[in-house]
Amino acid sequence: METRRTKRVTVAVQSLEMSPAEGPGRRSAPKRYRYSPEKTHAKTQKKGKTTTRSDHGGLSPYELERLENIRQNQAFLSSINLFQATEELKQLTQPKASQRRLLSGRVKAAAKEALPARKSLRLQNKEPNTLILPGEPEGLLYMQTSLKKPPGPLPMDPINMDEGSKLPSSLLELCSEGYPEERKVDLDLKDYRSALKNMRITEDTVAKVVKGHIYSASFHPCTSSLLVAAGDKLGNVGLWKLGGEGVDDGVLLFEPHTRPVSCMAFSRAHPTQLLSCSYDGSLRCMDVEKAVFHDVYDIEDGLRTFDFMSRDCSTLVVGNWLGEVAIVDRRTPGNTHESLHSLDKTLRCVSVHPLQKQYFAVAERRTVNIYDSRCLKNSKTPAVSQLHGHSLSISSAYFSPCTGNRLLTTCMDEMIRIYDTSSMTEKSPLLTSIRHNTHTARPTKLTKLSAVWDPKREDCFVVSSSRPRSVQVFHQSGQLQRHFVDGENFNTVLSVAAFHPSRNAFVGGNGSGRLQVFSD
DNA sequence: ACGTGATGACTCC
DNA sequence: TGGAGTCCCTCACG
């Protein structure tokens, strides 16, 4: 918790150094450099680099002005006691330099283990605490208090409609349509290919659904219309009924989180519910029936991924930034039970076995570990099975949707792999490797690309690529089934992709809040 | 002015 | 060191 506080403060200090009027300045592109007296300070203060020339020993008018600017900046910063405040904070929160080196390896692990089990303040029925810097400007205070939505249920008020607007009644009707009782037998692969071939993207199947970059997207199981949800970088969740009318062509925009919505999924048992987790540390459940976002789980650190652990979707496994998984039981409303288990901090993705729900796979660093949730320990839980062969970090790992006999991974070593997890032996064998450019443009701006199964089948998956811009559907053998290429209505990188659970449709989300649906 | 969309930059080990 | 891992932050273009 201490480190987190430090981090927040550091961020605040950084932004203050750059503001108020100058802006951060350009970091490169000297050929476009123009001398502009108002905009010089930050530019020349960039760490370790300077544009100053000292060939002649004396100072040029430009350099003199720069020094004057630095002096003025420092005077401003001193006037608000910032230096003093940061020094005090450093002493409070950081170990001395001589101690810092010790906090590594075993010592660090021991220090971590010695910490009491973390539990959110909400679950402890305590008020959230906020750290306030002495003499802190209001803007910074706002930054800190706005980091999280208040605990408890949030009303489902669309922020793109007039205040007090009710949800359209058609939404509840549509959301009540659940998954089909019986799953159809898999189509013959040839028929599947021709179904894919009929899938098109048109002007009507593209819409801006959220404002920020899309981090997660999911199809609602209904079939009478297509309904898609998307979560963005700003913590907003958008619902889009294709062909919808009214404000924004059937888009409803909500604000259940304040930071990127890292993962979302409709409940299979209660299709009126959409669960979403966020880097802001909260996991909420949108309930269309009650028109609220329930507060399911909430910790200080960011939540990265989750999956349902029970058929009724009441138990979840949730992975956070610290590499912990929490088993969250929401059967008793308002009294969520959680248990935390430390795994590797590089934890990226969790996936529950579709049939044997006690098993879940975790992408950790360069290995996928499959654990038994009944045998979890606080740390160093032994894996039931391991998947080896990745040479860089793994960005996603998913059990095949029907039997769980296969596991699909996407790795930064530019390979997609399929493992055989049918026997769940100590080491699950690798079946197929497919070379694929899994790198996106700057991952700060776009999320990493991941291969995801088509939930209608046991053996096919979709993955998008940024260069060339395309979306591909593969069979687990590595055989390409469909290649959607850059063309009319589709010319962006779809960093997030998801198939419809029963219809021939899939959706891609791009870096500017736009959803693109391919359907027949 | 504003929406759009993308192959850095930084730190850590 | 330099490659791997990580995302707090942007900005040129039409």
Side-chain angles (χ1 to χ4, degrees), chain A residues 3-19 22-29 31-34 39 42-43 46-49 100-101 103-109 140 143-144 146-147 206-215 232-235 248 258-260 262 278-281 301-302 304 320-323 344-349 363-367 390-395 410-414 436-449 464-469 486 489-496 508-516:
Chain A
T3 52
R4 175 140 180 123
R5 286 184 190 180
T6 319
K7 204 172 169 186
R8 284 186 196 173
V9 173
T10 317
V11 168
V13 170
Q14 276 176 357
S15 51
L16 220 150
E17 273 175 354
M18 292 186 186
S19 42
E22 297 84 356
R26 294 175 57 89
R27 289 184 186 171
S28 55
K31 62 178 177 180
R32 286 183 182 241
Y33 177 74
R34 277 185 306 147
K39 293 190 176 179
K43 220 175 283 184
K46 205 67 206 169
K47 285 181 239 175
K49 289 179 185 171
R100 220 173 289 152
R101 199 178 306 150
L103 283 176
S104 64
R106 201 182 300 167
V107 181
K108 215 182 210 169
L140 295 184
M143 267 178 66
Q144 299 200 344
S146 71
L147 279 174
V206 179
K208 179 134 174 148
V209 175
V210 281
K211 289 176 189 158
H213 304 144
I214 295 183
Y215 272 59
D232 77 353
K233 183 175 176 146
L234 310 169
D248 296 336
T258 56
R259 301 207 46 211
S262 46
S278 164
Y279 288 5
D280 70 12
D301 295 283
R304 215 192 271 280
N320 68 27
W321 274 348
L322 299 179
D344 194 289
K345 69 173 182 185
T346 56
L347 179 158
R348 283 267 162 276
C349 181
E364 294 173 74
R365 208 171 287 268
R366 297 178 187 181
T367 312
H390 301 89
S391 63
L392 287 178
S393 64
I394 305 164
S395 33
T410 312
C411 181
M412 294 311 284
D413 64 9
E414 308 213 335
H436 188 270
N437 184 359
T438 50
H439 289 272
T440 50
R442 316 158 66 161
T444 17
K445 322 291 187 239
L446 290 171
T447 42
K448 283 178 185 160
L449 304 176
S464 69
S465 113
S466 70
R467 187 178 284 182
R469 297 199 221 312
D486 189 349
N489 299 316
F490 167 49
N491 52 11
T492 68
V493 178
L494 299 179
S495 48
V496 175
N510 79 359
S512 51
R514 211 169 277 281
L515 282 182
Q516 322 216 354

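Residue numbers start from 1 in every chain, and the chains themselves are labelled A, B, ... in the order their sequence lines are given, proteins ahead of strands. Keep in mind that the numbers below use all heavy atoms, side chains included, and drop hydrogens, waters and symmetry copies.
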Take the protein atom [atom1] of [X] and the nucleotide atom [atom2] of [N], then report the distance between them rounded to whole Å.
| X | N | atom1 | atom2 | answer |
| --- | --- | --- | --- | --- |
| R365(A) | dT6(C) | CZ | P | 7 Å |
| D232(A) | dC7(C) | CG | P | 18 Å |
| R348(A) | dC7(C) | CZ | P | 6 Å |
| K345(A) | dT11(B) | NZ | P | 15 Å |
| R304(A) | dT6(C) | CZ | P | 7 Å |
| E414(A) | dG3(C) | CD | C1' | 15 Å |
| K233(A) | dG3(B) | NZ | P | 17 Å |
| L449(A) | dG5(B) | CG | P | 16 Å |

Can you measure from [atom1] ([X]) to [atom2] ([Y]) and round to the nearest 0.5 angstrom?
| X | Y | atom1 | atom2 | answer |
| --- | --- | --- | --- | --- |
| L322(A) | D301(A) | CG | CG | 4.0 Å |
| K448(A) | T410(A) | NZ | OG1 | 11.0 Å |
| R514(A) | T492(A) | CZ | OG1 | 8.5 Å |
| N510(A) | S466(A) | CG | OG | 13.0 Å |

### Message
Looking at the base of dT4(B), is there any donor atom on it, or on the side chain of N491(A), that sits under 3.5 Å from an acceptor on the other one?
### Response
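Side chain to base: no pair present.
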If only side-chain N and O atoms of [X] are considered, is one of them under 4.0 Å from the OP1 or OP2 phosphate oxygen of [N]?
| X | N | value |
| --- | --- | --- |
| R366(A) | dA4(C) | no |
| K211(A) | dG3(B) | no |
| R259(A) | dC8(C) | yes |
| S512(A) | dG3(B) | no |

Closest listed nucleotide, where the reference is the side chain of [X] and the choices are [options]:
| X | options | answer |
| --- | --- | --- |
| S466(A) | dA6(B), dT6(C), dT7(B) | dT7(B) |
| Y279(A) | dT4(B), dT6(C), dC8(C) | dC8(C) |
| K448(A) | dG5(B), dT6(C), dC8(C) | dT6(C) |

### Query
With rounding to whole Å, what would you report as the distance between dA1(B) and dA12(C) at their C1' atoms?
15 Å
### Query
Is the backbone N or O of C411(A) less than 3.5 Å from a side-chain atom of T438(A), with the two atoms forming a donor-acceptor pair by type?
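Side chain of T438(A) to backbone of C411(A): a pair is present.
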### Task
Answer with base, sugar-phosphate or nothing: what part of the nucleic acid does N437(A) contact at a heavy-atom distance below 4.0 Å?
base
